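All heavy atoms count here, side chains included; hydrogens, waters and symmetry mates do not. Nothing fancy with the numbering, it's 1 onward along the sequence. We count ligands from 1, going down the list as the structure has it; atoms in each ligand are counted the same way. All values reported here derive from a predicted model rather than from experimental measurement.
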Amino acid sequence: MSKKYTFFLLLILFCFSSIIAQEQLLVNAYNRTSTSLNGNWKYIIDPYENGYYNYRYEPFDQQESPWASAFFLNSKPKNPSDLIEYDFDQMNDLKVPGDWNTQKPELLYYEGTLWYKKSFDYTLTQKENNIFLYFEASNYKTEVYLNGKKLGTHIGGFTPFNFNVTDILKEKDNLLVVKVDNKRLKEAIPTLNTDWWNYGGLTRDVKLIETGSTFIQDYSIQLNPENNQQIKGYIQLKGKNMAQRAISISIPKLNIKKEFKTDDNGYIDFEIPVKKIQYWSDKNPHLYQVILETEEEKLEDQIGFRTIRTKGTQILLNNEPVYLRGISIHEESPFRKGRGYSKTDAQQLLLWAKELGCNYVRLAHYPHNEHMVRLADKMGMLVWEENPVYWTIEWNNPSTYQNAENQLFELITRDKNRASVIIWSMANETPNIPARNKFLNKLAQFTKSQDNTRLISAALEQKNYKDNPFIRTIDDPFANQVDILSFNEYIGWYDGLPEKCKKITWQIEQDKPVIISEFGAGAKKGHYGTKNTRWTEEFQEDLYIETLKMIDGIDKIQGISPWVLVDFRSPRRVLPIIQDGWNRKGVISDDGQKKKAFFILQDYFQKKARTE
Ligand code: GCB
């Protein structure tokens with residue numbers, strides 16, 4: 001092997017290993033036998049990463065016998081003369097799940113390392129079973145240590161990861177130490193610059209999942225996109241005896257019970273004919289109970305069966321045209337003013353969307369928690385899910401690409417059996433330059449290779465058509481790769497005043513369904529004035545009136561998701577009295593009050609729904 005080749009190989013291995021050190025994700029963690037590790041965890045704020053590096057800036061966890069100063073050891077002085085300069089047990093608690101920023105005033109703007117510690121006991125229900133430590137999300141870089149041993153590193157703030165800890169777990173006094181670092185980095189996904197709060201910490205549930213010694217690792221069970229009379233999929237077992245094992249799939253309401261045998265790699269793929277099936281849709285969100293059974297395990301899911309595709313400029317759900325009456329949503333709790341994580345948070349957000357008349361939500365700008373898509377499945381809400389490739393990232397950096405791909409992969413793994421999810425969005429408002437085109441093309445191809453039952457999109461940008469400022473178009477080579485042509489526009493807010501909408505026409509040449517992924521204006525709830533006074537509810541209301549009229553003139557339009565359901569925190573938004581750290585483009589205020597624009601949109605959607 002040439003030296004150059006070896007160098008590149010090592011570089012790739014290094015980049016890869018620093019990103020994907022955790023193990024393959026268990027699908028449907030949501031319904032597995034689990035024990036929650038939520039609750040109070042001790043914490044140490046460590047801006048200098050003193051518990052991670054020695055004074056030569058060498059990580060303790062890469063040394064054969066690390067000093068007692070390494071926080072993951074949770075060292076205690078044995079003699080009065082011992083020097084130990086930390087003590088988790090004398091520290092305060094943080095609640096898990098939950099961002100740290102909104103739990104302690106001194107952590108509101110904190111971006112750096114914080115250590116968590118939890119002790120727990122656990123007894124396996126059967127000696128030969130496996131036990132996994134599962135994190136639903138942790139922002140951003142997470143190092144996990146159990147009983148003094150490093151389990152691995154995870155990068156990315158919004159997707160789940162897990163570790164098989166069967167060989168390390170004890171019955172009593174397990175010591176779990178987790179280092180979470182939310183420092184923004186240029187090479188990261190997302191990068192330094194975003195318009196949302198960089199909430200740090202163990203932001204979603206943490207749990208132990210017990211599986212059989214041989215267990216169901218992964219599966220996909222979907223309607224065949226080519227044949228809506230057939231359920232198609234695969235199941236992957238893992239563990240000690242995964243070859244030639246019997247698996248049954250039953251869907252009682254469809255009178256289906258089929259037995260299969262795995263191949264030598266623990267894998268089966270299957271096609272099951274179905275006749276009288278109720279298709280899942282926004283109008284009839286029918287979910288079937290699906291039961292997978294092996295000798296050792298029984299795993300249930302609730303799955304909807306539908307097809308989604310495009311034909312010319314239409315979006316077809318179960319072969320019927322569907323218009324996406326949507327709204328964009330950030331994952332913030334309507335109750336706690338921090339990162340949302342609970343079922344109640346998700347329920348309130350989706351109920352507001354329903355009240356608006358939506359049949360669709362854009363979950364911006366990163367993967368939201370699993371409650372959102374589980375509830376969307378139940379409520380008949382179509383969903384756009386998004387990878388945090390936002391604005392300008394390091395397009396030429398291979399490890400940045402790998403990171404983006406890995407985050408998307410984790411999201412697809414988690415949600416590939418959710419009927420509500422119809423769109424994977426690659427990115428938001430990215431520049432049209434060759435390096436970005438290459439990056440996004442690769443990501444889109446990867447996504448299609450992982451999942452051919454959904455559509456691909458990205459929130460693109462619009463521009464003047466042939467230098468005419470009154471005619472707008474989409475001129476972006478990535479438009480050729482997407483199934484749905486989607487773009488953000490702020491005519492009337494960053495671009496003139498709302499009345500400008502009257503003068504704009506659209507020349508969209510691609511033969512694809514078009515959706516407007518964002519438009520909006522800032523308004524402070526309770527701030528009233530003329531329609532040309534910024535920040536008033538009247539200004540925002542007028543922008544909605546004018547924009548909706550303009551949008552009706554786009555003949556290919558198949559949906560909208562205005563910006564945004566609820567005001568959300570953003571450190572970029574510093575205008576006193578009006579913003580105070582909040583982006584005010586919500587049609588609902590941060591304390592849950594509806595602004596005038598809410599009712600304009602509601603009225604528009606009600607009329608739209610009537611014409612369906
Ligand atoms: C955008 C971004 C979104 C911002 C929004 C705004 O175009 O996609 O993340 O929050 O504009 O309020 O400016």
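- Looking from atom 13 (O) of ligand 1 to the surrounding protein, the closest heavy atom is Tyr494 OH, 2.4 Å.
- Test Lys525, Arg584, Arg336 against Asp590 for salt bridge (charged side-chain N to carboxylate O under 4.0 Å, His left out) and you get one pass: Arg584.
- Of the possible polar contacts, one joining the Thr473 side chain to the Gln507 backbone as a donor-acceptor pair under 3.5 Å is found.
- When each atom of ligand 1 is checked for a heavy atom of His365 under 4.0 Å away, the hits are 3 (C), 8 (O), 9 (O).
- For the pair Glu546 and Lys549, the salt-bridge criterion is met [side-chain N within less than 4.0 Å of a carboxylate O].
- Ligand 1 has no nitrogen or oxygen under 3.5 angstrom from a nitrogen or oxygen of Trp391.
- Using a cutoff of 4.0 Å between basic side-chain nitrogens and carboxylate oxygens, Arg204 and Glu331 are scored as salt-bridged.
- Looking from atom 7 (O) of ligand 1 to the surrounding protein, the closest heavy atom is Glu429 OE2, 2.3 Å.
- Within ligand 1, the atoms closer than 4.0 Å to a non-hydrogen atom of Tyr390 are 2 (C), 3 (C), 4 (C), 9 (O), numbered from 1 in the order shown.
- Listed by number with element, the atoms of ligand 1 under 4.0 Å from a non-hydrogen atom of Lys585 are 6 (C), 12 (O), 13 (O).
- When each of Tyr109, Tyr366, Trp582 is paired with Trp197, the ring pair (Phe, Tyr, Trp, His ring centres under 6.0 Å) condition holds for Tyr109 and for no other.
- Using a 4.0 Å cut-off to heavy atoms of Arg573, the atoms of ligand 1 that qualify are 6 (C), 12 (O), 13 (O).
- In summary, Lys585 and Glu518 do not engage in a salt bridge, as defined by a charged side-chain N under 4.0 Å from a carboxylate O.
- Within the listing of ligand 1, atoms 10 (O) sit less than 4.0 angstrom from a heavy atom of Phe568.
- The pair Asp495-Arg472 meets the salt-bridge criterion, since a charged nitrogen lies less than 4.0 angstrom from a carboxylate oxygen.
- Tested against Phe135 for a ring pair (Phe, Tyr, Trp, His ring centres under 6.0 Å), the candidates Tyr116, Phe158, Phe161 yield a single pass: Phe161.
- Remark: minimum distance from atom 4 (C) of ligand 1 to any protein heavy atom is reached at Asp195 OD2, 3.2 Å.
- Heavy atoms of Val564 found under 4.0 angstrom from ligand 1: none, in either backbone or side chain.
- Remark: distances from the non-hydrogen atoms of Arg584 to ligand 1 are all 4.0 Å or more.
- For atom 2 (C) of ligand 1, the closest non-hydrogen atom on the protein side is Glu518 OE1, 3.2 Å.
- In this structure, Tyr490 counts as a contact residue of ligand 1, since one of its heavy atoms falls inside 4.0 Å of the ligand.
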